[in-house]
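Report on the following structure.
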Number of protein chains: 2
Amino acid sequence: MHFESPSKTIFYQIEKAIKQYRTMAQVNLNQLGYNVTINQILLMIQIQQQSDISQVELANLLFKDVASVTRMIELLVRENLVQRAENKIDRRKKDLKITKKGGELLNKAIPVISKNRATAQKNMSEDELQTLFKLLNKIIINTSKK
Amino acid sequence: MHFESPSKTIFYQIEKAIKQYRTMAQVNLNQLGYNVTINQILLMIQIQQQSDISQVELANLLFKDVASVTRMIELLVRENLVQRAENKIDRRKKDLKITKKGGELLNKAIPVISKNRATAQKNMSEDELQTLFKLLNKIIINTSKK
DNA sequence: ATTATTTAGTTGATATATCAATTATATTTA
DNA sequence: TAAATATAATTGATATATCAACTAAATAAT
């Protein structure tokens, strides 16, 4: 059976695209001078958008392990960007809340992320974006566990 | 300025596709019973294909930091899958070689990887693959540092 | 030829990824 | 209701990611 060198496959191309996007996004974020990662910002955005979200749901949304989420939140709490408290109704759960400082950071970071997206999508039509979305979806369907 | 929720963007879709592919690939690889990661296999494949490759080149190829490569190779050496020796001509460099045990592992792992790729690309035509490749390339170009 | 700069690789510190085990609580089942 | 099971989150162990500092050797500049 023929074996294509990894660097010539579509998966390599996907990795390269997302890797470069992440790097570019991080570089631009760093210019805010906040010492925060893109992933931390994305985590905070989810908390802000849905204040009653659980850490399990956060992990699924961000394609991370719950253990990673626990530790990421720990850091954000330590830096006073997120507040964590016990949920009164289900005491296994934690209530997460963006602090004032966290909110100010998000206000600055979100425009940067918007700009990053625009940069990465430059010269791509709506049609092309939709095609890309659909083709990636095929891979997602093909690789989803049944 | 309008801000799209992260999970609705093309970048989220890319992350999801590659993440699921990696997970599926790792699960299938694990069935060989070897306790080795996809990334380790990809690293070994590069070494096998180009025996005089440097660790810097490996890092670039695999989108990793040279420090990560150093430690990955350390592990592979510890498990007797890769051999590392000083390069006689340029003594800063290391000569990397797949061991007999490593070769046997690759012989088993490569068909698995081929199968993973086929699974992930199921129902995708050559045209579609090419389109996907080109669209991703736009992002790669847009996000490459000048 | 000596000095300065660049390059290849390693190491340290800290954060994140992954898996397994554990704790505490909630829910389901007998 | 008591016991069994499931769920949310944490913790431990180990590997990997990232950045900075460092060592050793090669190459370029003076």
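Only heavy atoms go into these numbers, but all of them, side chains included; no hydrogens, no water, no symmetry mates. Throughout, protein chains are lettered first and strands after them, A, B, ... in sequence-line order, and every chain is numbered starting at 1.
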Measuring from the side chain of [X] (C-beta onward, heavy atoms only), which nucleotide among [options] has the closest atom?
| X | options | result |
| --- | --- | --- |
| Asp90(A) | dT25(C), dT16(D), dT11(C) | dT25(C) |
| Ala67(B) | dC19(D), dA17(C), dT10(C) | dC19(D) |
| Glu74(A) | dT18(D), dT11(C), dT11(D) | dT11(D) |

d([atom1], [X]; [atom2], [N]) in whole Å:
| X | N | atom1 | atom2 | result |
| --- | --- | --- | --- | --- |
| Asn35(B) | dA13(D) | CG | C1' | 13 Å |
| Asp52(B) | dA8(C) | CG | C1' | 15 Å |
| Asp65(A) | dT11(D) | CG | C1' | 12 Å |
| Asn60(A) | dA17(C) | CG | C1' | 15 Å |
| Met72(A) | dA17(D) | CE | P | 16 Å |
| Lys93(A) | dA26(C) | NZ | C1' | 11 Å |
| Ile73(B) | dA15(D) | CD1 | P | 16 Å |
| Ile38(A) | dA17(D) | CD1 | P | 18 Å |

Have a look at [X] and say if it touches a base, only the backbone sugar-phosphate, or nothing, with a 4.0 Å heavy-atom cut-off.
| X | answer |
| --- | --- |
| Leu96(A) | nothing |
| Arg84(B) | sugar-phosphate |
| Arg91(A) | sugar-phosphate |
| Gln40(A) | sugar-phosphate |

- Note on the structure: Between Ser68(A) and Gln55(B), the residue closer to the 5' end of DNA chain C by nearest nucleotide is Gln55(B)
- Query: How about Phe133(A) and Tyr12(B): are their ring centres within less than 6.0 Å of each other?
  - Reply: no
- Identify, between Ser54(A) and Leu75(B), the residue whose nearest nucleotide on DNA chain D lies closer to the 5' end. Ser54(A)
- Message: For Val66(B) and Glu79(B), find the nucleotide of DNA chain D closest to each by heavy atoms; which residue's nucleotide sits nearer the 5' end?
- Response: Glu79(B)
- So, Glu57(B) and Ser54(B): side-chain donor and acceptor under 3.5 Å apart, yes or no? yes
- Task: Tell me yes or no: between the side chains of Gln26(B) and Thr37(B), is some donor less than 3.5 Å from an acceptor?
- Result: no
- Do Leu42(B) and Tyr21(B) belong together in a cluster built from hydrophobic side chains that touch within less than 4.5 Å? no
Is the phosphate of [N] approached by [X] (side-chain N or O, under 4.0 Å from OP1 or OP2)?
| X | N | value |
| --- | --- | --- |
| Lys94(B) | dT7(C) | no |
| Lys64(A) | dT18(C) | no |
| Thr70(B) | dG9(C) | no |

- Task: Indicate yes or no: at least one non-hydrogen side-chain atom of Arg117(B) is less than 4.5 angstrom from one of Ile113(B).
- Result: yes
- Taking the side chain as C-beta and beyond, is there a heavy-atom pair between Arg84(B) and Asp95(B) under 4.5 Å? no
- Establish whether the base of dT18(C) is bridged to the side chain of Arg71(A) by a donor-acceptor pair shorter than 3.5 Å. yes
Can you tabulate the close N/O pairs, meaning under 3.5 Å, that link protein atoms to atoms of nucleotides 2-7 of chain D?
unit_1, atom_1, unit_2, atom_2, d
dT7(D), O2, Arg92(A), NH1, 2.8

- Message: If I take atom CD1 from residue Ile10(A) and atom CD from residue Gln121(B), how far apart are they, to the nearest 0.5 angstrom?
- Response: 7.5 Å
- Residue from Arg22(A), Lys64(A), Lys19(A) passing salt bridge (charged side-chain N to carboxylate O under 4.0 Å, His left out) with Glu15(B): Arg22(A)
